[in-house]
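Following: one structure in structure tokens, then a few remarks.
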Protein chains: 2
Amino acid sequence: MNNGRFPISLHILTLLASAEGELLASDYIAGSININPVLVRKEISNLRNHGLIESKEGKNGGSTLARSADKIRLSEVYHAVQQASLLGNSKNQPNPDCNVGKQINQHLDHLYQEIEGALLHKLEKMSLADFLRQFQ
Amino acid sequence: MNNGRFPISLHILTLLASAEGELLASDYIAGSININPVLVRKEISNLRNHGLIESKEGKNGGSTLARSADKIRLSEVYHAVQQASLLGNSKNQPNPDCNVGKQINQHLDHLYQEIEGALLHKLEKMSLADFLRQFQ
DNA sequence: TTGTACTGTAATAAAGTCGATTACAGAATG
DNA sequence: CATTCTGTAATCGACTTTATTACAGTACAA
């Protein structure tokens with residue numbers, strides 16, 4: 001994925017982590033990221049579906065982390081926003097009459113999985129708290 | 001990068017590797033990938049600029065690998081097609097009045113670099129010959 | 001020496017993707 | 001019950017990607 005959603009989601013989570021349990025409104029978050037509030041709500045909705053965020057509707061509502069920042073791995077953020085594969089979706093429809101074309105998607109998928117494994121390994125070792133700690 | 005160009009370039013190189021020095025025409029390659037020949041020539045042009053492919057113009061022309069497949073690392077293919085960063089370009093322009101927004105791009109860049117390092121490490125260990133060997 | 005089969009590349013069009021925006025229903029609070 | 005939030009659908013425009021057309025240049029071979 002070369003996904004603009006990863007930085008957005010991480011930004012949201014970082015703000016929530018730094019707010020220490022206080023509910024933040026989507027408009028406030030959108031103001032920090034400088035994007036449209038509806039996009040923020042969509043990402044929040046997605047992060048909530050993945051169990052990373054809890055929200056409260058209505059007046060004085062907003063969102064907060066579902067668990068403490070040291071219990072949220074960056075690999076979870078990756079999984080939450082990931083849709084396509086890492087290096088490019090092998091969505092070409094190669095010629096089945098060609099020996100290479102016939103097999104390449106399967107081998108590409110295998111390659112992507114290996115690489116994604118290495119990436120996830122890295123992200124698993126980092127928590128949201130680790131990320132936040134870099135901020136002064 | 002979630003780049004459709006990586007699978008295309010790797011497909012091209014795999015075909016050339018399996019052709020064992022024989023010149024392959026861009027139309028033939030395009031037929032195997034099932035995409036437009038002009039796109040293939042553009043990718044070939046790029047791979048040639050990166051020293052991975054040599055081409056011969058004119059009748060009976062075509063392309064071939066610039067070195068043997070076991071001397072081509074998949075990390076070179078990655079570098080050849082890479083333009084944007086891996087997980088998403090941190091091109092948001094966050095609010096500088098927000099303490100998180102002010103610093104996040106710098107920390108995102110750092111994170112991407114670490115992850116890309118892990119990915120490249122994996123790709124460096126694999127040659128085009130390794131990849132081709134999986135085909136039956 | 002000329003037709004043919006290629007590459008190389010620019011320019012344009014078509015298709016697909018992504019983010020911004022509008023709109024509005026529903027929920028919680030005071 | 002007005003206000004301030006969330007949740008979500010729908011649409012528009014900007015951007016990106018891919019396909020297509022066009023054509024000049026090169027090498028070969030008859």
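We name chains A, B, ... by the order of the sequence lines, and we start the count at 1 in each one. Keep in mind the model is a prediction, meaning the values are calculated, not measured. Note that these values count all heavy atoms, side chains included, but never hydrogens, waters or copies made by symmetry.
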Write down the distance between [atom1] ([X]) and [atom2] ([N]), rounded to a whole number of angstrom.
{"X": "A/I44", "N": "D/dT6", "atom1": "CD1", "atom2": "P", "value": "7 Å"}
{"X": "B/R41", "N": "D/dG25", "atom1": "CZ", "atom2": "P", "value": "16 Å"}
{"X": "B/K42", "N": "C/dG8", "atom1": "NZ", "atom2": "C1'", "value": "11 Å"}
{"X": "A/N36", "N": "D/dT8", "atom1": "CG", "atom2": "P", "value": "16 Å"}
{"X": "A/K59", "N": "D/dC1", "atom1": "NZ", "atom2": "P", "value": "16 Å"}
{"X": "B/E54", "N": "C/dC6", "atom1": "CD", "atom2": "P", "value": "20 Å"}
{"X": "A/I8", "N": "C/dC18", "atom1": "CD1", "atom2": "P", "value": "12 Å"}
{"X": "B/I29", "N": "C/dT7", "atom1": "CD1", "atom2": "C1'", "value": "12 Å"}

Return whichever of B/L39 or A/S45 has its heavy-atom-nearest nucleotide of DNA chain D closer to the 5' end.
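Taking each residue's closest nucleotide, the earlier one in sequence belongs to A/S45.
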Once you apply a heavy-atom cut-off of 4.0 Å, does A/N60 come out as touching a base, just sugar-phosphate, or nothing?
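Sugar-phosphate only.
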Side-chain donor-acceptor pair under 3.5 Å between A/Q113 and A/D109, yes or no?
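No.
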Identify the heavy atoms of B/K102 and B/P96 that sit nearest to each other, and give their distance.
CD-O, 3.5 Å
Indicate whether OP1 or OP2 belonging to [N] is found under 4.0 Å from a side-chain N or O atom of [X].
{"X": "A/S63", "N": "D/dT6", "value": "no"}
{"X": "A/R48", "N": "D/dG7", "value": "yes"}
{"X": "B/S26", "N": "C/dT7", "value": "yes"}

How do A/P37 and B/G62 order along DNA chain C: which one's closest nucleotide is nearer the 5' end?
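Going by which nucleotide is closer to the 5' end, it is B/G62.
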What's the closest nucleotide to the side chain of B/V38 if the choices are C/dT7, D/dT6, D/dT20?
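Closest nucleotide among those given: D/dT20.
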Fit a plane to each ring of A/Y112 and B/F6, take the angle between them on a 0 to 90° scale, and name the class: parallel (under 30°), tilted (30 to 60°) or perpendicular (over 60°).
tilted
Lys/Arg-Asp/Glu bridge criterion (N-O < 4.0 Å) met for A/R41, A/D27:
yes
B/R67/B/E54 ion pair, N-O < 4.0 Å
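B/E54 and B/R67: not salt-bridged.
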